[in-house]
Amino acid sequence: MNERERLVEVADGVLVITHPFCATTTTVVVGHDGRECVVVDPGVTADEIDALATALASRGLTVTGAFSTHPHWDHLLWRPSLGDAPRWATDAGAARALAVVDDNARKARAAVEEVDTSGLGRVVALEPGAIVLPWTGRHVRVLEHRAHAPGHAALMVTDVGVLVAGDMLSDVEIPLLDLEAGRPWDDYAEALDVFDEVARSVAVVVPGHGSTGDGVELRRRIDTDRAYLASLPLEGEGDPDPRLAGAADWLLAEHEAAGRRVRHDLGAQ
Ligand SMILES: [Zn+2]
């Protein structure tokens, strides 16, 4: 199947493609004119991104904007084939992306062969506190929060209620806390509150890794993530999160580290 066929229209003018590496998603938001689009977190291999660019061109779409949900390498990829439109990130996300270009390049090359790391620093900072993308094609809200990574933000395509969640609200990954933050556990809980506030308007949720879901599924994921956070201080008591069953070693290691950190922080209060 080629990339054009793998582009799934999850709502009117919102296309999602899912890549084999970590079930990573790329989202394309088509403008109201049907001729321009914004690409969110293009991934993963150079060939995949080039094929995406070809698929978009074959639909008559020009990339006139892009967005990085957060400054981890798999959300900062780019290829010349996508053109030279601005790729926005939150103010904090862009600053972090620029500070960790070399580190991100190392991580990318360790994780994936055939990855192009040349665009990892290709970010334009939004105004601090920006709540909407500076893109005239369609109204897209920016929902910034402090969880998972500095400057993490979800996008909301308001007219169709599509929430592009970045590395939040996954059905295959547990909540991954930003352990470099001062209060990662509280940050994550507060981010879930942000999603709870908009949940009524959401018809489709698109996680950065995993499957898309409807509004009911979004509620279920928020509840599951809250239950996961509540379980972290308990050190293995209670029901294990279903996403940990058969999970990869790196995910289990993140889980162990998060538990240690949360128990430490709570004990220190
Ligand atoms: Zn990711």
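Read the numbers this way: they start at 1 and go in the same order the structure lists the ligands and their atoms.
For His32 and His139, the distance between ring centers is not under 6.0 angstrom. Phe195 has its ring centre less than 6.0 Å from the ring centre of His145.
His209 lies close to the Zn ion (ligand 1), since one of its N, O or S atoms is found at a distance under 2.8 Å. Put simply, Asp41 stays out of reach of the Zn ion (ligand 1), with no N, O or S atom under 2.8 Å from it. Because the distance cut-off is set at 2.8 Å, Cys22 fails to qualify as a neighbour of the Zn ion (ligand 1), as none of its N, O or S atoms comes that close.
With the Zn ion (ligand 1) at the apex, Asp74 OD2 and Asp167 OD2 define an angle of roughly 160° (rounded to 10 degrees).
Within the 3.5 Å criterion, the main-chain N or O of Val44 finds a donor-acceptor partner in the side chain of Glu48. Judged by distance alone, the side chain of Thr212 and the main-chain N or O of Val205 form no donor-acceptor pair under 3.5 Å.
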